[in-house]
There are 2 protein chains.
Amino acid sequence: MKIGELAKATDTQVETIRYYERIGLLSAPGRSAANYRIYDPSHRSRLSFIRHSRQLGFTIDDIRSLLDLADHPERDCAEADNITTRHLGQVEAKISHLTRLRDELVRVSGRCRGGLSSDCQVIETLADHGHCTAKHE
Amino acid sequence: MKIGELAKATDTQVETIRYYERIGLLSAPGRSAANYRIYDPSHRSRLSFIRHSRQLGFTIDDIRSLLDLADHPERDCAEADNITTRHLGQVEAKISHLTRLRDELVRVSGRCRGGLSSDCQVIETLADHGHCTAKHE
DNA sequence: GCTTGACCCTGTAGCAGCTACAGGGTGCAT
DNA sequence: ATGCACCCTGTAGCTGCTACAGGGTCAAGC
Ligand SMILES: [Zn+2]
Ligand SMILES: [Zn+2]
Ligand SMILES: [Zn+2]
Ligand SMILES: [Zn+2]
């Protein structure tokens, strides 16, 4: 299949596919006489794996390792678990960071009573962290 | 004060300060005979405003508007509220996205029983979204 | 046979928000 | 005089794409 068909089949942009090839994440396929990329089903499943992993938030580097593991069935899968657990930890850290952020923003935006910019408590709070209740790491 | 002192005073990297100047977020200060940047207290409070806003997750563009408003005390502060509310909405959207992600990751990583890569349910799930319970937009 | 349009190619630059040099100058202490 | 900390400019890198510009290819319809 040509790149456009693969793109549709995997719900990926054509340029993203070429990008993955450029960075060595997706192996270079054969070419037609007109120099068009011609993919086979193995490319398709590999790209699906990549896209699905991306949707789950794994980095390109994580995906490289995961693909490597998928290519070596005889290896121990501990690394896959490590990667997933570490990623999960990062997601949880982000959630808690954003949650604290949200609480602060709710508080800040609740202080605006309308009126002149000079009296606005939103702007006042941005100018002076003393108005905040928590640190923001 | 010189750039290094301003950096310490506002807990900002020197290079970040120069970056803000380059993109026109922080106005260019005067220079010493040796061509060193010399800042005054107004630069300091402006930079504090910027850093605090960044810590609260506002984009550079948002901060431009907020600074503009802070510079014009006679204006209506509605825009500050708009920006904050919109930003809050985006933070909430991110939280809910990450929360769904986390739930899926917990489920996925819980399926790994150790052993060979060929039997690993983590890798199996990445290869086939059919094992997932939800969509991932 | 000639045009139109949809596809394909390469290569490069842009997004956000910094961060990290390289390669040089300045200021003060020992 | 020499060392060291600091400052300068300019440019390139990070992540994960996305968006061209400027060209080639192929099938359909006239
Ligand atoms: Zn207000
Ligand atoms: Zn604060
Ligand atoms: Zn496993
Ligand atoms: Zn899935």
Side-chain angles (χ1 to χ4, degrees), chain A residues 1-26 28-39 43 47 49-67 83 86-87 90-91 94 97-98 101 136-137, chain B residues 1-26 28-39 43 47 49-67 83 86-87 90-91 94 97-98 101 136-137:
Chain A
M1 61 200 318
K2 286 190 286 180
I3 197 169
E5 301 170 83
L6 178 63
K8 262 182 201 145
T10 58
D11 200 25
T12 307
Q13 297 250 76
V14 166
E15 272 141 331
T16 302
I17 299 176
R18 287 197 282 245
Y19 167 71
Y20 288 160
E21 180 181 327
R22 203 159 58 240
I23 63 171
L25 192 58
L26 193 59
R31 297 287 181 131
S32 74
N35 200 32
Y36 288 8
R37 289 170 178 82
I38 304 297
Y39 295 93
H43 285 104
L47 182 53
F49 187 105
I50 294 170
R51 294 306 288 169
H52 193 214
S53 304
R54 286 294 299 132
Q55 287 180 336
L56 289 167
F58 289 95
T59 65
I60 301 278
D61 254 20
D62 284 345
I63 298 173
R64 262 185 232 280
S65 307
L66 291 166
L67 279 171
I83 291 171
R86 184 169 40 70
H87 176 42
Q90 287 167 356
V91 169
K94 264 191 200 164
H97 180 222
L98 287 174
L101 203 59
H136 331 287
E137 319 102 62
Chain B
M1 63 200 318
K2 286 191 283 179
I3 197 168
E5 302 170 83
L6 179 63
K8 262 179 201 149
T10 58
D11 200 26
T12 307
Q13 297 249 78
V14 166
E15 271 140 329
T16 302
I17 299 176
R18 287 197 281 246
Y19 168 71
Y20 287 159
E21 180 182 328
R22 203 158 59 238
I23 64 171
L25 192 59
L26 194 60
R31 296 288 180 131
S32 75
N35 199 31
Y36 289 8
R37 290 171 178 82
I38 304 296
Y39 295 93
H43 285 104
L47 182 54
F49 187 105
I50 293 170
R51 292 306 289 170
H52 194 213
S53 304
R54 286 292 301 131
Q55 287 181 334
L56 288 168
F58 289 96
T59 65
I60 300 277
D61 254 21
D62 284 345
I63 297 172
R64 261 184 234 281
S65 308
L66 291 166
L67 279 171
I83 291 172
R86 186 168 38 70
H87 176 42
Q90 287 167 357
V91 169
K94 263 189 202 165
H97 179 222
L98 287 175
L101 204 58
H136 334 286
E137 318 100 63

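Note: hydrogens, waters and symmetry copies are ignored here, and every other heavy atom, side chains too, is used. Chain identifiers are assigned alphabetically (A, B, ...) following the order of the sequence lines, protein sequences preceding nucleic acid strands; residue numbering begins at 1 within each chain.
- As rounded to whole Å, 11 Å separates atom C1' of C:dC8 from atom OH of A:Tyr39.
- For the pair A:Tyr39 and A:Ile17, the minimum side-chain heavy-atom distance is below 4.5 Å.
- Between the C1' atom of C:dG14 and the OH atom of A:Tyr19 lies a distance of 14 Å, rounded to the nearest Å.
- Rounded to an integer number of Å, the gap from B:Ile60 CD1 to C:dC15 C1' is 13 Å.
- Contact annotation: B:Arg51 reaches the phosphate of C:dC18 (side-chain N/O to OP1 or OP2, under 4.0 Å).
- Along DNA chain D, the stretch of nucleotides lying under 4.0 Å from any heavy atom of chain A spans, 5' to 3', D:dG16 to D:dC26.
- Nearest-nucleotide positions on DNA chain D for B:Glu5 and A:Arg54 put B:Glu5 closer to the 5' end.
- In this structure, B:Gln13 places its CD atom 10 Å from P of C:dC18, rounding to the nearest Å.
- Nearest-nucleotide positions on DNA chain C place A:Ile3 closer to the 5' end than the other of A:Ile3 and B:Ala34.
- Across every non-hydrogen atom of A:Thr12 and A:Arg51, the tightest pair is OG1-CG, 3.3 Å.
- To the nearest angstrom, P of C:dA16 lies 17 Å from CZ of B:Phe58.
- Remark: the B:Tyr36 side chain and the C:dG25 base include a donor-acceptor N/O pair separated by less than 3.5 Å.
- Applying the 4.0 Å criterion to OP1 and OP2 of C:dC8, one finds that A:Ser32 has every side-chain N and O outside that range.
- Between B:Ile23 atom CD1 and C:dG14 atom P there is a gap of 16 Å when expressed in whole angstrom units.
- If you take CD of B:Glu21 and P of C:dG17, they are 19 Å apart, rounded to a whole angstrom.
- At a threshold of 4.0 angstrom between heavy atoms, the contacts of B:Arg18 include nucleobase atoms, whether or not backbone atoms are also involved.
- The CG-C1' distance, from A:Asn35 to C:dC7, rounds to 14 Å in whole Å.
- Annotation: the span from A:Leu25 atom CG to A:Ile63 atom CD1 amounts to 6.5 Å, rounded to 0.5 Å.
- Contact check for B:Thr10 versus B:His43: no side-chain heavy atoms found under the 4.5 Å cut-off.
- Checked by atom type and distance alone, the side chain of B:His87 never pairs as donor or acceptor with a backbone atom of B:Asp62 at under 3.5 Å.
- Contact of the B:Lys2 side chain with the B:Arg37 side chain is not registered, since no non-hydrogen atoms from C-beta on lie closer than 4.5 Å.
- Using a 4.5 Å heavy-atom threshold, the side chains of B:Lys94 and B:His97 count as separate.
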